[in-house]
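To keep things clear, I will list the structure first and then write my remarks on it.
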Amino acid sequence: WYQRRVRVADDDPNQVGSKRKSRVPPKIANNVKRNSVAVISSDKRQELAPECASGVRVKFRDVTAAAYRTKSGIQKTPLVKSDALSHILGLELYLKKEYELRTGSFKERGARNSLLKLDEAERKVGVIAASAGNHALALAYHGGLLGIEVTVVMPVVAPIMKISQCQEMGANVIVHGATIAEAKDHAMTIQEKGGQVYINGYDHPDIISGQGTIGLEICGQVEDADAIIVPVGGGGLIAGVAVAAKNMNPSIKIIGVEAARCKSFTEAIKAGKPVRAASHVSLADGLAVPTVGLNAFVTAQPLVDKIVTVSEKAIALAILRLIEIEKAVVEGSGVVGLAALLDGLLPELKGKKVVTILCGGNIDTTVLGRCLERGLAADGRLLSFTVVVKDAPGGMNDLTQTLCNTGASIKDILHERAWLLEDVFAVRVRCMVETRNSEHTEQVKDTLLKNFKHVEFIGMSDHSSDTLQGP
């Protein structure tokens, strides 16, 4: 249904990249302002500085043109209803599975659109970008398919797996800088010398337009959706999706979700413009962008209905829920929408038809292991404690038999003799056990307190530990 609209937009003589003569005089088109924000010129492609400092507002026709342009190279991703999660949450939940794209994330849409928009001279000189993962992978893959040389600068903290994958796809990979900011500075230096086209991974208008094709697909797959929940980092995804969805269904709610450890979009709304926000290491590492893009912000701000932030605990639990219930491995950045629902941050959506975008699945196996453990802890299914037992034959047996009788499974255990100074005939044991659920955890705690005098539960409150006395 939307392809008909795309063809109209692509044939429009005012459309970007059109070979037909524009009806709009260039001087007028290039100086159009809307709320003091430059609008994308429709008679001619506007050349942007790498920082995208002009404040370009992406329009619906840019998104539909991107959909038509990329339809042969980007597969339509599934959107499926989760009956189990719908029952748990008390609403009708649909999952948009962007992680099923070839490189594991939605970034392919904007990358391919941007590469296809290059003219012949730009194709010859190639493109460059700074990225710690998904944007680099998307450019490397589609650059290889289109015969365009791609250089990516990745910080030293980028996962080795993603660096290797970019190299295997034919990209020139340069590992430089302790942070993505340092990698970007180095990429800009290379760009100034080599003349490549710099493609910002979340703020270039062509990137935003490409990401917006997700919104078109959602409106075609669930025509009467009440809300779309979108992960927010640099803002390109929510900007594109909002433009598409609000034009197709003006009553639909667009809700953004940020990691609480990097609230850049929230801070931008407060300030009325992009500002640098505090950024800390997060399970949703792909959303840890200290400053939202200016183009993304001016495009999204009038269209976004609500922004919420989620904790690391909620993110870990959402990763666990998707693996256990949907058998889907999704990275922290991709699960924040579900995390917000599980954490009760969107009560107004009860009984509604809701779509959440699972935007990526590129998670390291080591990080996944940590996420699962933290998810189990957040779900009340891991209990960590220290207990004092007698340092004599049968002492450890008393502890293990007590745990066995409760049905808890011992995951880790450690003796600590040297630090228990009060009693040389006793030993402190640090233990971590897995339980069935939070109720079972409380039963295990009660049993330990009844059978042992000194028990210290770790991580069970707002403080670092709780020390409780048994009989």
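Side chains of Ile174 and Ile190 form a contact here, defined as non-hydrogen atoms less than 4.5 Å apart. With contacts defined as side-chain heavy-atom distances shorter than 4.5 Å, the pair Lys184/Asn200 qualifies.
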Under the criterion side-chain contact (heavy atoms from CB on, under 4.5 Å), I'd like the reasoning laid out for Lys306 against Leu346: C-alpha separation, chi angles, the key distance, then a yes or no.
CA-CA 10 Å; Lys306 186 176 183 179; Leu346 301 169; 3.9 Å; yes
Go through it in stages, so that I can follow the logic: the residues are Leu89 and Leu338, the test is side-chain contact (heavy atoms from CB on, under 4.5 Å), and I'd like the CA-CA distance, side-chain angles, deciding distance and then a yes or no.
CA-CA 10 Å; Leu89 296 168; Leu338 177 60; 4.1 Å; yes
Stepwise side-chain contact (heavy atoms from CB on, under 4.5 Å) test for Lys107 and Leu137
CA-CA 8 Å; Lys107 291 285 189 177; Leu137 286 169; over 6 Å; no
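The nearest pair of heavy atoms linking Ala129 to Leu139 is CB-CD1, 3.5 Å. Across every non-hydrogen atom of Ala140 and Val150, the tightest pair is N-CG1, 4.2 Å. In plain terms, the two heavy atoms of Leu342 and Ala318 that are nearest each other are CD1-CA, 3.9 Å. The two residues Thr356 and Gly337 come nearest to each other via the heavy atoms OG1-CA, 3.5 Å. The shortest non-hydrogen separation linking Ser282 to Glu312 is OG-OE2, 2.8 Å. Of all heavy-atom pairs spanning Gly194 and Val125, the tightest one is O-CG2, 3.6 Å.
Among residues two or more places apart in sequence or in another chain, the side chain to side chain contact (heavy atoms under 4.5 Å, CB included) test is passed with Ile269 by Phe265, Phe297, Ile307. Qualifying side chain to side chain contact (heavy atoms under 4.5 Å, CB included) partners for Ala187, counting only residues two or more places apart in sequence or in other chains: Ile128, Ala130, Val153, Tyr198. Glu373 meets the salt bridge (Lys or Arg N to Asp or Glu O under 4.0 Å) test with no other residue; sequence neighbours excluded. Under the ring pair (Phe, Tyr, Trp, His ring centres under 6.0 Å) criterion, His440 pairs with no residue, sequence neighbours left out.
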What donor-acceptor contacts under 3.5 angstrom involve side-chain atoms of residues 319-328, with partners at least two apart or in another chain?
| from | atom 1 | to | atom 2 | distance (Å) |
| --- | --- | --- | --- | --- |
| Arg321 | NH1 | Asp379 | OD2 | 3.0 |
| Arg321 | NH2 | Asp379 | OD1 | 2.7 |
| Arg321 | NH2 | Asp379 | OD2 | 3.3 |
| Glu324 | OE1 | Arg381 | NH1 | 3.2 |
| Glu324 | OE2 | Arg381 | NH1 | 3.4 |
| Glu324 | OE2 | Arg381 | NH2 | 2.7 |
| Glu326 | OE2 | Ser82 | OG | 2.4 |
| Lys327 | NZ | Glu324 | O | 2.5 |

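Of the residues Ile214, Leu358, Val330, the one that meets the side-chain contact (heavy atoms from CB on, under 4.5 Å) test with Glu98 is Ile214. Remark: of the listed residues Val336, Leu95, Ile229, Ile228, Ile228 is the sole one forming a side-chain contact (heavy atoms from CB on, under 4.5 Å) with Ile357.
No more than 12 heavy atoms of other residues, nucleotides or ligands shown are found within 6.0 angstrom of NZ on Lys352. More than 12 heavy atoms of other residues, nucleotides or ligands shown are found within 6.0 angstrom of CZ on Arg261.
Remark: the backbone N or O of Ser114 is not paired with any side-chain donor or acceptor of His142 at under 3.5 angstrom. Side-chain atoms of Asn113 never come within 3.5 Å of backbone atoms of Arg109 as a donor-acceptor pair (strictly under, hydrogens ignored).
Ion pairing of Lys76 with Glu217 is absent here, as no side-chain N (NZ or NE/NH1/NH2) approaches a carboxylate O to less than 4.0 Å. Looking at Glu267 and Lys270, a side-chain N of the basic residue comes within less than 4.0 Å of a carboxylate O on the acidic one, giving a salt bridge. A salt bridge links Lys246 with Asp305: the distance from a Lys NZ or Arg NE/NH1/NH2 to an Asp or Glu carboxylate oxygen falls below 4.0 Å.
For the side-chain hydrogen bond (donor to acceptor under 3.5 Å, both in side chains) condition, the pairs that include at least one residue of residues 84-93, sequence neighbours left out, are Glu92-Tyr94.
Residue Lys96 holds its NZ atom at 13.0 Å from SG of Cys359, rounded to the nearest 0.5 Å.
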